[in-house]
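Structure first, then comments.
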2 protein chains.
Amino acid sequence: MERVRGFIRRTKQREVILRVLRSTRSHPTADWVYQEVRKELPNISLGTVYRNLKILTESGEALELSYGSSYSRFDGVATNHYHFVCERCGRVEDVPMPVDDEKDRAVERLMGVKVRQHRLEFYGLCPACQAEMDQRLPHGRADRAETALDEAYPTH
Amino acid sequence: MERVRGFIRRTKQREVILRVLRSTRSHPTADWVYQEVRKELPNISLGTVYRNLKILTESGEALELSYGSSYSRFDGVATNHYHFVCERCGRVEDVPMPVDDEKDRAVERLMGVKVRQHRLEFYGLCPACQAEMDQRLPHGRADRAETALDEAYPTH
DNA sequence: TTACATGCAAACTCTTTGCCACCAG
DNA sequence: CTGGTGGCAAAGAGTTTGCATGTAA
């Protein structure tokens with residue numbers, strides 16, 4: 001997560017993983033991707049799938065629908081409210097903003113589903129981490145992977 | 001998750017866990033709760049903490065800030081969009097609703113943070129699962145815990 | 001030729017579970 | 001009494017990682 005990747009090499013495995021991921025709107029799990037990719041590359045390992053999903057996520061080619069950290073967090077306030085998550089230090093804070101229940105009804109109308117609740121989280125940097133980032137990278141240089149995967153796999 | 005609990009017994013452990021959970025707004029992990037509770041009940045086990053957090057979550061006394069299922073899901077479409085999660089079958093679908101980036105700016109103003117993005121998920125029942133629920137429970141009876149924990153630990 | 005990437009399996013982390021003693025109702 | 005509950009430790013599930021080998025550039 002901290003390591004700066006020199007460049008991202010184009011491999012058969014990575015190519016197929018990205019293609020499989022792009023081929024569906026079903027928000028697959030790593031294991032589903034693994035099973036799909038195996039149809040084409042029977043010898044690929046699950047570890048490779050995980051490694052590549054991580055690289056793709058870090059380089060912005062894919063989204064990971066998780067809570068960031070691997071473990072659950074609990075909230076003793078059971079009434080719905082929104083959260084802000086600092087992507088650097090992991091802190092979770094409540095957002096003092098009214099809950100928009102009207103959105104639930106809108107989704108019900110749009111999709112024919114029954115909505116019980118929604119959850120809204122904002123991701124970014126808390127004030128303290130903003131300050132530290134400015135200190136470490138005074139000239140606005142992002143500490144992302146040096147070479148975006150876009151170069152290897154043009155989307156356009 | 002399917003089992004209907006007869007009643008929820010009042011125990012020292014459950015009492016302290018709930019109190020600890022209510023005592024903070026820091027959205028703690030199970031392990032943090034464990035460490036806190038241990039200050040008062042040094043012999044409590046982590047398993048008990050997990051069991052009780054689960055019971056509290058199921059009975060609506062607490063929220064679990066996780067993605068529901070234990071594993072991550074990935075999304076090959078990296079541009080932000082919203083999701084609907086069926087709480088019964090686990091299906092995840094895109095919500096055809098425009099992304100409200102203005103909310104990010106509002107949170108930045110409210111909290112002094114820098115918001116990079118937000119994530120919004122709706123939870124409920126997909127049409128297929130609604131139908132199945134109606135079939136199994138024709139009279140609208142919720143298959144929740146029979147006795148809410150509210151009875152044992154009045155909040156009001 | 002030189003790093004980065006892969007395959008494999010072992011290791012890790014977080015969470016759940018089986019078992020039996022225990023105790024609240 | 002009796003069945004939910006706790007402690008403990010082992011098992012599970014998902015994910016990560018170390019190492020030797022392979023391979024793109």
Side-chain angles (χ1 to χ4, degrees), chain A residues 1-18 27-35 37-38 40-59 62 64-74 90 145-149 151-153, chain B residues 1-18 27-35 37-38 40-59 62 64-74 90 145-149 151-153:
Chain A
M1 198 177 185
E2 283 298 319
R3 168 174 172 233
V4 174
R5 208 171 286 275
F7 66 98
I8 296 180
R9 183 178 289 175
R10 172 179 207 123
T11 64
K12 192 74 189 161
Q13 288 86 341
R14 183 133 55 224
E15 199 174 349
V16 176
I17 289 169
L18 185 57
H27 310 85
T29 61
D31 194 68
W32 185 92
V33 173
Y34 173 55
Q35 301 302 340
V37 171
R38 256 211 312 189
E40 195 163 334
L41 304 173
N43 292 316
I44 197 172
S45 74
L46 186 54
T48 297
V49 171
Y50 272 106
R51 261 187 296 241
N52 277 292
L53 287 174
K54 187 174 201 170
I55 290 171
L56 292 169
T57 299
E58 286 176 355
S59 71
E64 182 176 356
L65 306 183
S66 79
Y67 234 79
S69 65
S70 46
Y71 35 71
S72 291
R73 284 168 171 276
F74 295 86
E146 195 165 351
T147 305
L149 201 56
E151 295 183 14
Y153 300 92
Chain B
M1 199 176 185
E2 284 298 320
R3 168 175 173 233
V4 175
R5 208 170 287 273
F7 66 97
I8 296 180
R9 182 179 291 175
R10 172 180 207 121
T11 64
K12 192 74 190 161
Q13 288 86 342
R14 185 134 52 224
E15 199 176 348
V16 177
I17 289 169
L18 185 58
H27 311 85
T29 61
D31 194 68
W32 185 92
V33 173
Y34 172 55
Q35 301 302 340
V37 172
R38 253 204 322 184
E40 195 163 333
L41 304 173
N43 292 316
I44 197 171
S45 73
L46 187 53
T48 297
V49 171
Y50 272 107
R51 261 188 295 242
N52 278 293
L53 288 174
K54 186 173 201 171
I55 290 171
L56 292 169
T57 299
E58 286 176 355
S59 71
E64 182 177 356
L65 306 184
S66 80
Y67 233 80
S69 65
S70 45
Y71 34 72
S72 291
R73 286 170 169 274
F74 295 86
E146 197 165 352
T147 305
L149 201 55
E151 296 182 14
Y153 300 93

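The chains referred to below are lettered A, B, ... by the order of the sequence lines, with proteins before strands, and numbering in each begins at 1.
If you take CD1 of I44(A) and C1' of dG22(D), they are 14 Å apart, rounded to a whole angstrom. dT15(D) atom P lies 16 Å from atom CD1 of I55(A), rounded to whole Å. A straight line from CG of L41(B) to P of dT5(D) spans 16 Å, rounded to a whole angstrom. Atom OH in Y34(A) sits roughly 14 Å away from atom P in dT15(D) (whole-Å rounding). In this entry the distance linking CG of L53(B) with C1' of dC14(C) reads 13 Å, nearest Å. We find that CG of N43(B) is positioned 12 Å from P of dA9(D), with the value rounded to whole Å. dG22(D) atom C1' lies 14 Å from atom CZ of R14(A), rounded to whole Å.
Applying the side chain to side chain donor-acceptor pair (under 3.5 Å) rule to T48(A) yields the partners S45(A); only residues at least two apart in sequence or on another chain are considered.
Here I8(B) contributes atom CD1 and L56(B) contributes atom CG; the two are 7.5 Å apart, rounded to the nearest 0.5 Å. With rounding to the nearest 0.5 angstrom, the CZ atom of R38(A) is 9.0 Å from the CG atom of L46(A). Between L18(B) atom CG and I55(B) atom CD1 the span is 11.5 Å, to the nearest 0.5 Å. Considering OH of Y34(B) and OG1 of T29(B), their distance stands at 12.5 Å, rounded to 0.5 Å.
OP1 or OP2 of dG7(C) lies within a sub-4.0 Å distance of a side-chain N or O belonging to Q13(A). Distances shorter than 4.0 Å separate some side-chain N or O of N52(A) from OP1 or OP2 on dT6(C).
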> Just by protein heavy atoms under 4.0 Å, how would nucleotides 20-25 of chain C read 5' to 3' in B, S and -?
Replying inline: ---BBS
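Note on residues 40-50 of chain B: pairs passing salt bridge (charged side-chain N to carboxylate O under 4.0 Å, His left out), not counting sequence neighbours, are R19(B)-E40(B).
Residues V33(A) and N52(A) form no side-chain contact, since every pair of their non-hydrogen atoms from C-beta on lies 4.5 Å or further apart.
In plain terms, the two heavy atoms of R9(A) and R14(A) that are nearest each other are O-NH2, 2.7 Å. A30(B) approaches V49(B) most closely through the heavy-atom pair O-CG1, 3.7 Å.
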Just the atom pairs and distances: protein N or O near nucleotides 16-21 of chain D's N or O, under 3.5 Å.
| residue | atom | partner | partner atom | Å |
| --- | --- | --- | --- | --- |
| dG18(D) | O6 | R51(A) | NH1 | 3.3 |

